[in-house]
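Note that ligands are numbered from 1 as they come in the structure, with each ligand's atoms numbered from 1 the same way.
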Amino acid sequence: MGHTVALIGGGGIGRVHARHWQALPDVEVVAILDPRGHEARVAGDPPHFSDWDTMLGQTKPDIIDICTPTSLHREYIERAAASGKATFCEKPLARTLADCDAIVDVVRRSGIPFMVGHVVRFFPEFAAAKRLVDAGGIGSPVAVRVARMGGMPGQGRPENWYGSYAGSGGVILDLMLHDFDWLRWCFGDVQRVFAKGLYQQLEFEGQLDYALVTLRFKSGVVGHLTGSWAHPSGLKTSFEIAGDGGMIDQDSTRTTTLNVGRRNNIEEGDLPKVVIPRNPLAPLDDPYYQELGSFLEAIRNGTPSPVTVEDGREAVRIALAALESIETGKVVTL
Ligand SMILES: NC(=O)c1ccc[n+]([C@@H]2O[C@H](COP(=O)([O-])OP(=O)(O)OC[C@H]3O[C@@H](n4cnc5c(N)ncnc54)[C@H](O)[C@@H]3O)[C@@H](O)[C@H]2O)c1
């Protein structure tokens with residue numbers, strides 16, 4: 001059975017989604033709702049709308065895909081739920097915990113299929129590391145280090161909502177949130193959070209653009225994360241997971257394999273290496289294609305959402321605890 005999609009917000013990530021929806025089998029993007037009108041052009045060039053009810057009435061989409069600035073996610077999720085539509089929403093679920101709670105409530109009550117765009121779970125290296133940890137490949141995990149560094153997003157756009165801390169939550173809520181979700185997926189719930197942050201002095205005064213966050217998981221694992229919107233060199237990520245039986249090491253700038261070492265390893269051939277598909281990824285390996293495809297499959301098969309509304313809320317809760325820790329200088333217990 002074919003599915004139709006209405007895209008809400010056709011900016012940076014909306015354009016990426018449209019391209020992958022169009023590539024998925026039996027899917028058509030039938031509407032785009034964006035106040036920028038025809039300036040917000042996306043793949044497939046679907047009809048533009050500026051009014052929700054008109055869009056819904058005329059196109060009757062099966063799926064609503066929300067790619068608006070974060071502070072608007074709640075409003076559109078509520079509208080989609082009231083219409084009983086399967087809904088995909090970009091991360092972060094919302095800017096505040098009050099909005100997250102309202103979203104969890106409305107999604108549960110409406111029973112709509114719902115997924116949050118925690119795409120890092122679909123990046124081959126991050127997904128492979130999770131599989132290895134789950135399979136006991138490094139024994140019991142003890143410590144994990146993650147870095148996610150990039151430039152300030154949204155620069156040069158007419159309306160840069162990223163530059164408003166009240167709107168985006170800065171580097172912690174917008175960028176490091178990716179890793180909070182991935183780590184929670186790998187190691188379970190977080191118990192304590194401590195963070196330090198720097199504020200950019202230049203264009204976006206008061207904007208948090210570099211942060212260190214430490215997490216203590218209920219399982220005992222300790223995480224050390226750095227995130228930056230101050231790196232001029234383009235996005236790069238790295239991580240290292242240490243367990244009592246071995247280590248996993250990944251650095252996006254120097255390797256397309258996941259290096260895995262076992263303690264007391266003597267035989268070179270015994271070192272497992274997980275090969276990560278090369279950049280640029282083949283279209284079907286693209287994490288956004290995989291992510292949207294996994295939601296489609298859940299809708300078509302009536303199976304649980306790959307990333308639930310509760311997962312979305314928990315990632316935001318960790319981010320907000322980190323922001324609180326920076327403000328107070330204290331450890332925050334969840
Ligand atoms: N998963 C990822 O890798 C990823 C990457 C980038 C952004 N994001 C998230 O996606 C969301 C959008 O980010 P972006 O970079 O695309 O932002 P953007 O500023 O590039 O695009 C936002 C779009 O929303 C439109 N918009 C504004 N108000 C609207 C309204 N009331 N109704 C409908 N559309 C409206 C804007 O005109 C614009 O076209 C954010 O929540 C962001 O955190 C996720």
Below a 4.0 angstrom heavy-atom separation, can you tell me which part of K91, side chain or backbone, both or neither, approaches ligand 1? both
Which atoms of ligand 1 have any heavy atom of L33 under 4.0 Å away? 33 (C), 34 (N)
Does only the side chain of F122 get under 4.0 Å from ligand 1, or the backbone, or both, or neither? Count heavy atoms. neither
Does CZ in R41 sit with more than 12 non-hydrogen atoms of other residues, nucleotides or ligands closer than 6.0 Å? no
Under 4.0 Å from any heavy atom of L72, which atoms of ligand 1 are there? 28 (N), 29 (C), 30 (C), 31 (N)
For Y162, the ligand 1 atoms whose distance to one of its heavy atoms is below 4.0 Å: 6 (C), 7 (C), 13 (O), 14 (P), 15 (O), 42 (C)
Do K130 and W185 form a cation-pi contact, if we require the NZ or CZ to be under 6.0 Å from the six-membered ring centre and within 45 degrees of the ring's axis? yes
Part of S168 within contact of ligand 1 (heavy atoms, under 4.0 Å): neither
Using the ring of F114 (Phe, Tyr or Trp, six-membered ring only), decide whether R109 places NZ or CZ under 6.0 Å from its centre and within 45 degrees of its axis. no
Among P287, S50, P69, closest by heavy atom to atom 24 (O) of ligand 1 is P69
Would you check whether V119 has a nitrogen or oxygen atom less than 3.5 angstrom from a nitrogen or oxygen atom of ligand 1? no
Describe, in one word, how the ring planes of W182 and F239 are oriented to each other, choosing from parallel (under 30°), tilted (30 to 60°) and perpendicular (over 60°). tilted
I'd like to know whether ligand 1 has H73 as a neighbour, heavy-atom separation below 4.0 Å. yes
Restricting to non-hydrogen atoms, name the atom on E297 and the atom on T303 that form the minimum distance, rounded to 0.1 Å. O-OG1, 4.1 Å
CD (Q191) with more than 12 external heavy atoms under 6.0 Å: yes
So which bit of N160 gets within less than 4.0 Å of ligand 1, heavy atoms only: side chain, backbone, both or neither? neither
N or O contact, G12 vs ligand 1, cut-off under 3.5 Å: yes
At a 4.0 Å cut-off, with the gap strictly under it, does some heavy atom of H178 reach an atom of ligand 1? yes
Carboxylate-amine/guanidinium contact D181 R121, below 4.0 Å: yes
At a 4.0 Å cut-off, with the gap strictly under it, does some heavy atom of P153 reach an atom of ligand 1? no
As a test of understanding, state which of L72, D174, L320, V316 forms a side-chain contact (heavy atoms from CB on, under 4.5 Å) with R95. L320
C67: numbered ligand 1 atoms lying under 4.0 Å from its heavy atoms: 12 (C), 22 (C)
From W161, F49, Y76 - option closest to atom 17 (O) of ligand 1 by heavy atom: W161
Would you please classify the geometry between the H17 ring and the Y288 ring as parallel, tilted or perpendicular, with 30° and 60° separating the classes? tilted
Mind listing the closest non-hydrogen atom pair of A321 and L334 along with its distance? CB-CD2, 3.7 Å
Ligand-residue contact atoms, ligand 1 with P92, heavy atoms, under 4.0 Å: 41 (O), 43 (O)
Using a 3.5 Å distance criterion without hydrogens, assess whether the side chain of H73 forms a donor-acceptor pair with backbone atoms of P92. yes
Identify, by atom number and element, the atoms of ligand 1 in contact range of D174, meaning under 4.0 Å from any of its heavy atoms. 42 (C), 43 (O)
